[in-house]
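Structure, as structure tokens:
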Amino acid sequence: KNEVEQSPQNLTAQEGEFITINCSYSVGISALHWLQQHPGGGIVSLFMLSSGKKKHGRLIATINIQEKHSSLHITASHPRDSAVYICAVYGGTSYGKLTFGQGTILTVHP
Amino acid sequence: EAGVTQSPTHLIKTRGQQATLRCSPISGHTSVYWYQQALGLGLQFLLWYDEGEERNRGNFPPRFSGRQFPNYSSELNVNALELEDSALYLCASSIGSDSISSYNEQFFGPGTRLTVL
């Protein structure tokens, strides 16, 4: 079992829909990082969380430390949100590195 | 402020050759991280350098090596290239940390796409 599991692996939505991507991890962590990767390969940092909830524009990220679970929500989705969303955790079995989920491929249709 | 930069953007090599990839961190960042994203395998941690020292290493063979220079830029060297080394190599940087257990947000570069023929 991977240390970081994301669901769903693929997600298709219509423009305007509310989207949720989930991330579960099996180890104790210091922080969790949500990342966005566009087809060209570049990675953009969306949120860094160690507790609670953060909001930036249409994006909301939450984390429940006790349940070892985080969610990324996108409100009023738009085709430009189409990308791969990656959850990464810091800590666990080895410090000094991020451990990544397998990513969620999001496609938003107009 | 300039972000993390990587060069070259693309690199094509043949099996058995050596590849050198370069990374310049954000100004003020002393930690540099290298990751490999091979097709279908997701992102995997390669190396972490801080203040010129290798701090941690992922589960990769010794032919993957690197170094960090006094200006905090970094090189990743891959010797005796194999076909499965074809991947996107991403560099990230962060401010240094006094404690290995605390996380400082990492900022990623655009990557170098290495193709081994």
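We use all heavy atoms of the structure for the numbers below, so side chains are in, but hydrogens, waters and symmetry mates are not. Letters A, B, ... are given to chains in the order of the sequence lines, protein chains preceding strands, and every chain is numbered from 1.
- Annotation for R58(A): atom CZ counts as buried by contact number, over 12 foreign heavy atoms lying within 6.0 Å.
- When all heavy atoms of F108(B) and L98(A) are compared, the pair lying nearest together is CZ-CD1, 4.2 Å.
- For L83(B), the CG atom counts as densely surrounded, since its 6.0 Å shell holds more than 12 non-hydrogen atoms of other residues, nucleotides or ligands.
- Connection of I105(A) to L88(B) is established within a shared hydrophobic cluster, with ILVMFWY side chains joined at heavy-atom distances below 4.5 Å, either directly or through further cluster members.
- Interatomic distance, K97(A) NZ to L43(B) CG, rounded to the nearest 0.5 Å: 12.5 Å.
- Donor-acceptor pairing under 3.5 Å is recorded for the side chains of S45(A) and E105(B).
- The hydrophobic clustering, which links ILVMFWY residues whose side-chain heavy atoms are closer than 4.5 Å, places F107(B) and Y72(B) apart.
- When ring centroids are compared, Y35(B) and F100(A) come within the 6.0 Å threshold.
- Nearest heavy-atom pair across Q106(B) and H33(A) is O-CE1, 3.5 Å.
- Linking Ile, Leu, Val, Met, Phe, Trp and Tyr whenever their side-chain heavy atoms come within less than 4.5 Å leaves I60(A) and L32(A) in two separate clusters.
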